[in-house]
Amino acid sequence: MNALNIQKGMSRHSAYDLRDPHSQVEESHTLAVLVENEPGVLARVIGLFSGRGYNIDSLTVAEIDHEGHRSRITVVTRGTPAVIEQIKAQLGRIVPVHEVHDLTVEGPAVERELGLFKVRGQGEKRVEALRIAEIFRANVVDSTLESFVFELVGTPTKLDAFADLMRPLGLVDLARTGVAALARGL
Amino acid sequence: MSRTMTGARMVVEALRDQGVDTVFGYPGGAVLPIYDEIFQQNDITHVLVRHEQGAVHMAEGYARSTGKPGVVLVTSGPGATNAVTGLTDALLDSIPLVVLSGQVPTFMIGTDGFQEADTVGITRPCTKHNWLVKDTDRLAETIHKAFYVATSGRPGPVLIDIPKDVQFATGRYVGPKQIEASLYQPVKKGDPAAITRLVELIEQAERPILYTGGGVINSGPGASQLLRELADATGFPVTSTLMGLGAYPASGKGWLGMLGMHGLYEANLAMHGCDLMINIGARFDDRITGRIADFSPGSVKAHIDIDPSSINKVVRVDVPIVGDVGHVLEDLLKVWKARGRKVNSEGLSRWWAQIEEWRARKCLFYRNSDTIIKPQYALQRLEALTKNHDRYITTEVGQHQMWAAQYLGFERPNRWMTSGGLGTMGYGLPASIGVQMAHPEALVINIAGDASWLMNMQEMGTAVQFRLPVKQFILNNERLGMVRQWQQLLHGERYSQSWSDSLPDFVKLAEAFGCGGAQVRDPKDLDAAIQAMIDYDGPFILDVLVEKHENCFPMIPSGKPHNEMLLGEAETQGVIESEGAVLV
Ligand SMILES: Cc1ncc(C[n+]2csc(CCOP(=O)(O)OP(=O)(O)O)c2C)c(N)n1
């Protein structure tokens with residue numbers, strides 16, 4: 001028998017639902033949660049994840065409409081298809097949450113993260129670091145005679161790859177923002 | 001038109017505008033300005049409780065017996081933390097409450113001031129929503145919003161934390177109608193395609209069952225009426241969770257009795273063997289399903305619920321319908337009637353024949369005694385002597401609660417108040433007070449165990465002060481009976497800490513509180529004792545000394561499926577395997 005639609009935004013609208021709902025395989029999903037920016041709203045969202053034992057792999061939040069006091073929270077989470085559905089439904093239940101979008105199922109999306117990487121080194125290593133930074137299109141945003149701070153924007157995997165390459169070249173510190181994501185097209 | 005007034009006056013004004021007639025509360029430093037306003041008006045009755053947990057359970061009793069939100073007022077710090085159990089109870093049972101708490105003045109927040117607690121932080125996971133109001137101009141609006149959130153969609157408790165300087169300051173009052181439409185708009189109407197799909201299934205089903213829950217009651221009396229119409233017109237059997245008792249009448253011809261861990265044999269086997277399960281406002285709680293993997297293996301499942309997160313949370317369903325039970329049942333009946341009111345009559349009569357076979361097992365049979373009052377017998381007599389009264393029942397938590405659900409019959413919704421989701425001992429006495437406040441003329445009985453009753457017994461003082469003639473029917477087994485039963489079945493009869501030692505003399509206790517009291521131990525005296533309790537003009541404690549080691553059957557042990565229920569003592573040897581033993 002065919003399951004019927006629950007509501008807009010749930011995965012049953014897409015071909016993605018052809019997956020087995022009973023699958024025990026964990027998937028990574030990027031969720032965009034649009035909220036009223038009232039005090040404590042972030043605590044509510046985070047409390048939901050910790051209280052119900054869901055994972056957070058990355059989380060970003062900022063006000064995107066200063067007049068309407070709307071914020072956008074982007075969460076990257078992991079779980080079986082059933083758990084992902086439950087996470088979305090639970091998020092939708094929070095009173096100041098207005099919309100929940102699963103960017104992983106709703107169609108192609110762009111995901112970007114910003115990273116700052118401090119690399120310490122001299123001589124050949126320093127030159128090599130700069131060369132790799134160019135290949136990755138990272139910018140130098142701070143420099144001393146013994147160090148650089150590179151700024152790199154890209155997918156999380158691109159940032160991972162960059163960090164891996166910089167480690168033997170003297171990576172001493174790094175900061176990452178977590179993922180911001182938007183659906184492609186209109 | 002807007003008016004200017006202090007925050008404290010706004011609280012009273014907003015409550016009045018929301019139609020509130022009763023507030024359950026307890027004063028303290030951080031709410032004194034509000035108490036000052038309460039002193040100067042007569043529209044709202046304030047019930048002074050003895051402990052803030054009692055206030056919240058009273059408000060729950062009030063809410064569940066009226067369908068209106070219950071209102072609580074407590075002070076900061078310990079006042080607010082004492083309310084936490086009640087809030088959690090109301091959240092799990094979806095009971096609409098508006099709790100107002102005082103807070104230290106805004107300029108002291110964060111300094112660990114006297115009686116400061118992070119009340120919104122502490123209550124965030126146990127409320128549907130909460131607010132800290134830092135500006136008197138926002139106070140009235142927030143209170144009106146709070147009532148809206150508590151009562152719309154899936155109901156639940158909300159809390160508003162009000163710092164003392166916000167109560168003193170003046171601001172602009174706005175009425176309920178001046179509030180902008182909330183963005184929080186839960187879906188009420190079900191998806192028509194899904195409803196039609198369900199009608200098709202109803203037309204074909206050979207072994208259908210209506211599995212109903214508290215959502216039917218929360219949806220309002222109209223929903224119970226529609227459920228009756230659906231069940232009676234289709235001839236489908238009806239079972240209910242603990243929370244849904246009374247939505248369908250116990251005297252109705254489709255009634256199978258309660259299902260679940262201590263549910264009736266015929267109800268559980270019908271759930272196990274059905275081919276179409278229609279879940280109406282219930283949530284596949286673990287007390288209901290038993291082992292999930294073996295839960296009703298051969299059925300197509302439909303689920304009507306106002307909360308999208310209830311759907312597919314525990315059990316994967318085939319026809320999910322998000323919507324308010326009343327709206328969905330109305331549409332469902334319309335479509336079913338328009339398509340010619342079809343059912344599979346042949347299948348249904350075979351199904352009922354099977355159900356009658358199960359029923360013939362008489363699963364509620366127990367061995368009665370002439371010398372000792374059996375708790376089941378006490379409840380049967382209570383039922384016989386009170387069923388023609390305008391009666392409301394509350395309970396505590398334990399064996400007595402399950403026996404009450406099994407042996408009492410409920411004909412109407414909002415007549416049965418019990419702590420289902422949280423299982424809070426100490427709920428019943430204050431809840432009975434809340435019910436009696438709302439229904440001064442009715443017969444309100446709290447069915448209690450000795451241990452549970454002690455947990456909030458201070459509220460007897462409240463009953464006496466407000467002349468609320470609540471009847472406390474204590475099935476006294478001098479044991480934490482339900483714990484003792486589990487230890488017998490699961491822990492090799494090692495009865496660790498499960499007896500009630502040093503119990504007070506309940507009759508003397510009644511005397512000390514200034515209410516009526518009596519003790520009964522001989523089955524021959526039971527009827528007269530119950531009658532005296534009913535007739536007594538005022539609150540009354542009846543201490544019924546019952547068999548100490550009676551077990552509550554039927555029982556589905558934790559981790560077992562529906563078709564492996566235990567019906568009596570003979571079947572209880574080594575029943576729960578280690579795997580099931582980790583479950584509660
Ligand atoms: C506040 C709280 N603490 C502990 C429990 C665990 N518990 C469930 S039933 C029970 C025993 C209840 O004993 P009593 O009230 O005498 O009722 P009986 O089972 O004997 O009918 C206990 C301790 C609970 N439900 N609530």
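Quick note: numbers below take in every heavy atom, side chains included, and nothing from hydrogens, waters or symmetry partners.
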Please list, in residue-number order, every residue in residues 160-186 of chain A that has a heavy atom less than 4.5 Å from any heavy atom of chain B; write 'none' if there are none.
none
For B/R138, I'd like to know if atom CZ has over 12 heavy atoms of other residues, nucleotides or ligands within 6.0 Å.
no
Give, for atom CD1 of A/I94 and atom NZ of B/K128, the distance between the pair rounded to the nearest 0.5 Å.
12.5 Å
For B/F295, the ring-ring contact (aromatic ring centres under 6.0 Å, His included) test, sequence neighbours excluded, returns B/F284, B/H562
Shortest non-hydrogen contact between A/P96 and B/H129, atoms and distance:
CD-CE1, 3.3 Å
Atom NZ of residue position B/K134 - does it have more than 12 heavy atoms of other residues, nucleotides or ligands inside 6.0 Å?
no
Residue pairs, two or more places apart or on separate chains, that pass salt bridge (charged side-chain N to carboxylate O under 4.0 Å, His left out) and touch residues 275-284 of chain B
B/R283-B/D285
Would you indicate whether the side-chain heavy atoms of A/R44 and B/N130 approach each other to under 4.5 Å?
yes
Among all residues two or more places apart in sequence or in another chain, which pass the side-chain contact (heavy atoms from CB on, under 4.5 Å) test with A/L42?
A/I46, A/L59, A/V61, A/I73
So which heavy atom on A/R93 is nearest to which on B/S309, and how close?
CD-OG, 3.1 Å
When B/I321, B/D307, B/V149 are compared by non-hydrogen pairs under 4.5 Å with chain A, the top option:
B/D307
